[in-house]
Amino acid sequence: MLITLLAATQVAALPPINGRAIRPGEACYTMRREGKDGAVPFGTTHQRIRILPGPRGGLIEVATRQTGSGARGSFDMRDVYVMRRADLRPVSYLNKVKGETKIELTYGDKQVTGRREVDGKMVDIAQPLDHRVWEGTLIGPMLAALPLRKGVTFSVPVFKYNQGLGTSTFKVVGEKAVQTPSGPEPAWVIEIPVDDKRSVSYFVSKRSRQELGYDAGFMSQVLGGECPK
């Protein structure tokens, strides 16, 4: 079965995206669900960022593992993104849940190819490209690579495995001190719309460009915790 995703997308002027602003390293985050008595931890996210050799200035790899327990039981999900280091243009994306491959994407200059699971079966993806796109499911590193400043809104053309072509919008609405294991950290606050009524707030360190977490209202993620790798 072949899914060809065709969507008309208006591409605005691209902001400068600097992948070299992203620092390699590892971090652990705690995922929390809002309850009657406040935020309740239900899982962790381990993130590892590595610089890899490759053409055009090298590559950057972002690997995450999310583990914990939710309404449907325990979960264990891994994502691996490989991108050009210079501008974060995607090269590949791999998603596994409990060791089983659910999504595989390979990005070329003129096409995105791969496969994903739909109703328990793997189906092929073939998306022609007539403009540059970025990986739409990777948020934190993208924000770190943008020239953040208060009041600026960025529009980035993206591809998402389940939605096809589109545009991600990031609005820098202000700044705040975010609590971290090493103390308060000055951070940019970036709003990302989910729909007409909801948005998610991401926090990115003004000093190091590290992702410090996010707040989606019903759930949040904060820096710190103990992560299995």
Would you say [X] and [Y] make side-chain contact, with heavy atoms under 4.5 Å?
| X | Y | result |
| --- | --- | --- |
| Lys150 | Trp188 | yes |
| Pro181 | Leu223 | yes |
| Glu117 | Val123 | no |
| Thr167 | Val158 | no |
| Leu59 | Val91 | yes |
| Gln47 | Glu26 | no |
| Thr153 | Phe170 | no |
| Val204 | Leu148 | yes |

Quick check for you: to the nearest 0.5 Å, what is the distance between [X] atom [atom1] and [Y] atom [atom2]?
| X | Y | atom1 | atom2 | result |
| --- | --- | --- | --- | --- |
| Lys98 | Thr67 | NZ | OG1 | 11.5 Å |
| Glu104 | Tyr161 | CD | OH | 14.0 Å |
| Met83 | Ile17 | CE | CD1 | 11.5 Å |
| Lys96 | Asp76 | NZ | CG | 11.5 Å |
| Thr101 | Asn95 | OG1 | CG | 8.5 Å |
| Leu143 | Ile190 | CG | CD1 | 5.0 Å |

If two hydrophobic side chains count as joined below 4.5 Å and joins carry through other members, does [X] share a cluster with [Y]?
| X | Y | answer |
| --- | --- | --- |
| Ile192 | Val194 | yes |
| Val82 | Leu105 | no |
| Leu212 | Val173 | yes |
| Leu138 | Leu52 | no |

Within 45° of the six-membered ring axis of Phe203 and under 6.0 Å from that ring's centre, is NZ or CZ of Lys176 located there?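 So Lys176 does make the cation-pi contact.
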Cation-pi check, Arg33 onto Phe42 ring (under 6.0 Å, within 45° of axis):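 Output yes; distance and angle both within limits.
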Under the ring-ring contact (aromatic ring centres under 6.0 Å, His included) test, which residues partner Tyr202, sequence neighbours left out?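 Result, ring-ring contact (aromatic ring centres under 6.0 Å, His included) vs Tyr202: Tyr214.
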Where do Arg50 and Ile60 land on the side-chain contact (heavy atoms from CB on, under 4.5 Å) test, with the steps shown first? CA-CA 6 Å; Arg50 298 192 301 163; Ile60 185 167; over 6 Å; no
Tyr93-Tyr81 aromatic ring centre distance below 6.0 Å: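 Yes - the distance between ring centres of Tyr93 and Tyr81 falls below the 6.0 Å cut-off.
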Is [X] reaching over with its side chain to a backbone N or O of [Y], donor-acceptor style, under 3.5 angstrom?
| X | Y | answer |
| --- | --- | --- |
| Ser205 | Ala187 | no |
| Arg116 | Ile103 | no |
| Trp134 | Asp87 | yes |
| Arg209 | Leu146 | yes |

Presence of salt bridge, Lys206 and Glu185, under 4.0 angstrom: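 So Glu185 does not pair with Lys206 through a salt bridge.
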Please determine whether a side-chain nitrogen of the Lys or Arg among Asp79 and Lys102 lies less than 4.0 Å from a carboxylate oxygen of the Asp or Glu.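 Salt bridge absent between Asp79 and Lys102.
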At their closest point, which heavy atom of Leu129 faces which heavy atom of Gly108, and how far apart are they?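 Nearest heavy atoms, Leu129 then Gly108: CD1-O, 3.6 Å.
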Taking atom CG of Asp195 as the centre, report whether more than 12 heavy atoms of other residues, nucleotides or ligands fall under 6.0 Å from it.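 Buried by this count: over 12 neighbours within 6.0 Å.
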Could you list all the salt bridge (charged side-chain N to carboxylate O under 4.0 Å, His left out) pairs where at least one residue sits in residues 210-227, not counting sequence neighbours?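 Those involving residues 210-227 do not exist here.
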Check the side chains of Thr137 and Glu135 for a donor-acceptor pair under 3.5 angstrom, ignoring hydrogens and angles.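 Yes, a side-chain donor-acceptor pair sits under 3.5 Å.
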We want to know whether Thr45 and Gln221 form a side-chain donor-acceptor pair, criterion being a heavy-atom distance below 3.5 angstrom.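 Yes, side-chain donor-acceptor contact under 3.5 Å.
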Test Ile125 against Thr113 for side-chain contact (heavy atoms from CB on, under 4.5 Å), laying out the working first. CA-CA 5 Å; Ile125 293 174; Thr113 58; over 6 Å; no
